[in-house]
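Below: one structure, written as structure tokens.
Below, read A as the first sequence line, B as the second, and so on, with proteins coming before strands; counting in each chain starts at 1.
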Amino acid sequence: MIDIRQVRKDSDAVKRALARRGIDPSEVDRLVELDRRARAATGTRDELRSSVKALSRQVGEARRAGQTEEAQALSERSRALGDEERTAHLLADEARDVVRRTLLYLPNLPAGDAPDGRGPEDNVITRTWPDSPPSYSASQRVPHWEIGIALGLLDMERGAKLSGSMFPLYRGFGARLLRALTTFALDRHATAFEEIRPPSLVLTDTMVSTGHLPKFEEEAYHLERDDLWAIPTAEVPLTSMWRGDILDESELPVRLMAATACFRRESGAAGRDTRGLLRVHEFDKVELFAYVTPDQAPEVLHELVDRAESLLRELGLQYRVLDLCAGDMGNAAARTFDLEVYAPGADQWLEVSSVSWCSDYQARRANIRYRPASGSGPVFVHTLNGSALAWARIWAALVETGRRADGSVELPEALAPYLRGETVIPVPQGAVRREER
RNA sequence: GGAGGGAUGCGAGAGUGGCCGAAUCGGACGGUCUCGAAAACCGUUGUGCCCCCUGGGUACCGUGGGUUCGAAUCCCACUCCCUCCGCCA
């Protein structure tokens, strides 16, 4: 969440920043007023408590001095104040709660250098790779859901049979490819990042810390009986690893990576991009994550983008980098770069990575701080996260890009060590060769 | 699932009703000493809120309730950790 003190001190700047994300300035005015009331209520409560405490002390003293009547009188006054305190306490708690809830629903302030804009159409394409767009042959213009069936790699129907639509089921070489991609990526980052295998189900607090709750409850799978949430990204558990802790500046940056399944209800996206792997409820992803000092943030942000990009280059996939505009960034982000690969068969750009700098928005929610080397009081860390990469869509792009005239698929050399050297997915014996378009 | 023990400041850990925001040790930071360092000694060292803001006040001892004039301390519930038993990939 954003800093309530900043809201108090410089509400105009906060209004301007949030307006870039489409938040009405009156929301901020309302928050300022709620905060004012909450602080007043807390003050009243504190004063009452202090009086009760002082009177109680006198009761004790009077008792010890043997002044029973005096003690009795003081005790009665204290009791009356105590009743008042109870009410004041309730009011103060309620007022603070309203402020916190309001704060939890507000998105992060966008970074000054994030482009202006209202939605996806205003994102800025900062670079593309390779420099000149490759040309694709007819054999590459076959969508992965068809290739998947022809080569026995993907069985969406049986996935749906088990779990409903948009739950993919990979088979044979298709399943192996997915596993190879995860290992490939983890190996590439292993020198700089500690590998974590976090739980896939997390507590409500863990989801609130990243900003996925309470606002986006509809997007997540929830196990009601145990009040646990299926993680939409490894960013969620990784952010909470040091929840409530104070780190030492010398420990920063903390760099973590995790391969996990990611679960998304995609509730608002019914009917969109439903073919094949374009949009699925469960997918595997390698996530990079860092806790840093504010000074370290810009450098690490670019490092994460670089790492995701270099994987794409090794995989030989055409891609572009988008600098997301203020209106299109995720709730917690101050700055976001999206990486999209081109899938020639589906003829679409697919988002395969989103790298975000969340400033102290998540750290404040999760209460993660560090003690600066200067010895001053603890300050909130900054968090950064980035996919490197989301494999379902990479899988789709690889299979389409690598498809050859004979229907087989050639995979990049970089994956050879992870596929026992087999970089060609063969056409099964006896398969009916698909008519070329 | 059953039985028992526990949760206190940066860490360890004392504190069983008022004199406790909290002993002690350790860490970190500052100082004395030193050519420098170590050792030793001295000092400082949680967070939020409020105010008449070089200072003062107040709240916070896992979370939420309760008892009491008064709770870190007593009672209840919950969460988490540890030990033992049961079950189990």
Side-chain angles (χ1 to χ4, degrees), chain A residues 1-9 31-104 197-209 223-229 237 240-252 254 291 293 360 363-381:
Chain A
M1 58 194 149
I2 58 175
D3 186 357
I4 186 65
R5 274 176 293 193
Q6 191 188 354
V7 176
R8 231 178 260 154
K9 226 173 53 204
L31 178 60
V32 168
E33 175 57 18
L34 289 172
D35 172 58
R36 197 193 55 73
R37 278 188 225 163
R39 282 187 297 156
T42 304
T44 306
R45 185 203 62 183
D46 283 359
E47 273 170 39
L48 282 166
R49 274 195 184 172
S50 141
S51 312
V52 169
K53 205 173 168 178
L55 278 172
S56 297
R57 204 169 293 139
Q58 291 173 38
V59 172
E61 281 161 15
R63 283 257 169 85
R64 262 191 305 280
Q67 302 162 322
T68 321
E69 273 177 39
E70 175 75 5
Q72 188 64 29
L74 286 165
S75 174
E76 267 159 36
R77 274 173 61 201
S78 180
R79 179 200 284 274
L81 275 178
D83 289 340
E84 273 188 64
E85 190 272 344
R86 215 173 297 257
T87 314
H89 171 61
L90 282 174
L91 288 174
D93 274 5
E94 210 177 285
R96 282 161 166 271
D97 213 54
V98 171
V99 171
R100 184 174 164 78
R101 272 207 307 274
T102 307
L103 230 32
L104 281 177
R197 178 46 255 234
S200 306
L201 301 177
V202 297
L203 301 170
T204 297
D205 277 350
T206 307
M207 288 284 280
V208 169
S209 292
L223 280 71
E224 227 168 90
R225 189 187 175 98
D226 299 288
D227 196 16
L228 288 168
W229 302 81
S240 281
M241 272 183 71
W242 275 274
R243 169 148 46 89
D245 288 341
I246 299 177
L247 296 152
D248 202 82
E249 179 167 356
S250 62
E251 298 174 68
L252 299 174
V254 172
Y291 295 105
T293 67
D360 59 2
R364 187 168 278 113
R365 291 169 88 105
N367 195 25
I368 305 163
R369 293 167 294 174
Y370 74 96
R371 214 172 278 288
S374 64
S376 54
V379 298
F380 289 111
V381 301

With A/D35, which of A/R8, A/R5, A/R100, A/R96 fulfils salt bridge (charged side-chain N to carboxylate O under 4.0 Å, His left out)? A/R8

Roughly, in whole Å, what's the span from [atom1] in [X] to [atom2] in [N]?
X: A/R5; N: B/G48; atom1: CZ; atom2: C1'; answer: 8 Å
X: A/R369; N: B/G9; atom1: CZ; atom2: C1'; answer: 12 Å
X: A/D205; N: B/U79; atom1: CG; atom2: P; answer: 14 Å
X: A/D97; N: B/G48; atom1: CG; atom2: C1'; answer: 16 Å
X: A/L228; N: B/U79; atom1: CG; atom2: P; answer: 12 Å
X: A/E76; N: B/U68; atom1: CD; atom2: C1'; answer: 14 Å
X: A/L55; N: B/A71; atom1: CG; atom2: C1'; answer: 17 Å
X: A/E61; N: B/C19; atom1: CD; atom2: P; answer: 10 Å

Separation of the [atom1] atoms in [N] and [M], to the nearest angstrom:
N: B/C10; M: B/A3; atom1: P; answer: 36 Å
N: B/G15; M: B/G62; atom1: P; answer: 15 Å
N: B/A12; M: B/A28; atom1: C1'; answer: 15 Å
N: B/G9; M: B/U63; atom1: P; answer: 10 Å
N: B/A14; M: B/A22; atom1: C1'; answer: 10 Å
N: B/C61; M: B/G17; atom1: C1'; answer: 15 Å
N: B/C29; M: B/C81; atom1: P; answer: 34 Å
N: B/C75; M: B/U67; atom1: P; answer: 15 Å

Salt bridge check: are A/R57 and A/E61 linked by an N-O gap of less than 4.0 Å? no

For [N], give its Watson-Crick or G-U wobble partner with both distances under 3.5 Å, or none.
N: B/C61; answer: none
N: B/C33; answer: none
N: B/G4; answer: B/C82
N: B/G21; answer: none
N: B/U67; answer: none
N: B/A89; answer: none
N: B/U45; answer: B/G27

How about A/I4 and A/L31: do any of their side-chain heavy atoms sit closer than 4.5 Å? yes

So, do A/L203 and A/D227 sit near enough that their side-chain heavy atoms are less than 4.5 Å apart? no

Who pairs with A/E94 by side-chain contact (heavy atoms from CB on, under 4.5 Å), at least two apart in sequence or on another chain? none

For the backbone of A/I368 and the side chain of A/Y291, can you confirm whether one donor and one acceptor N or O come within less than 3.5 Å of each other? no

Under the 3.5 angstrom rule, does the side chain of A/R365 hit a backbone N or O of A/L104 as a donor-acceptor pair? yes

How long is the gap from CZ on A/F380 to CG on A/N367, to the nearest 0.5 Å? 5.5 Å

Shorter than 3.5 Å, N or O on both sides, protein versus nucleotides 56-66 of chain B: list them out with atom names.
{"from": "B/A59", "atom 1": "O3'", "to": "A/R49", "atom 2": "NH1", "distance (Å)": "3.0"}

Please list all pairs meeting side chain to side chain donor-acceptor pair (under 3.5 Å) that have one or both residues in residues 68-83 of chain A, counting only residues at least two apart or in different chains. A/Q72-A/E76

Toward the 5' end of RNA chain B, by each residue's nearest nucleotide, A/V52 or A/G60: A/G60

Mind checking A/R77 for me? I need base, sugar-phosphate or nothing, with any heavy atom below 4.0 Å counting as a touch. nothing

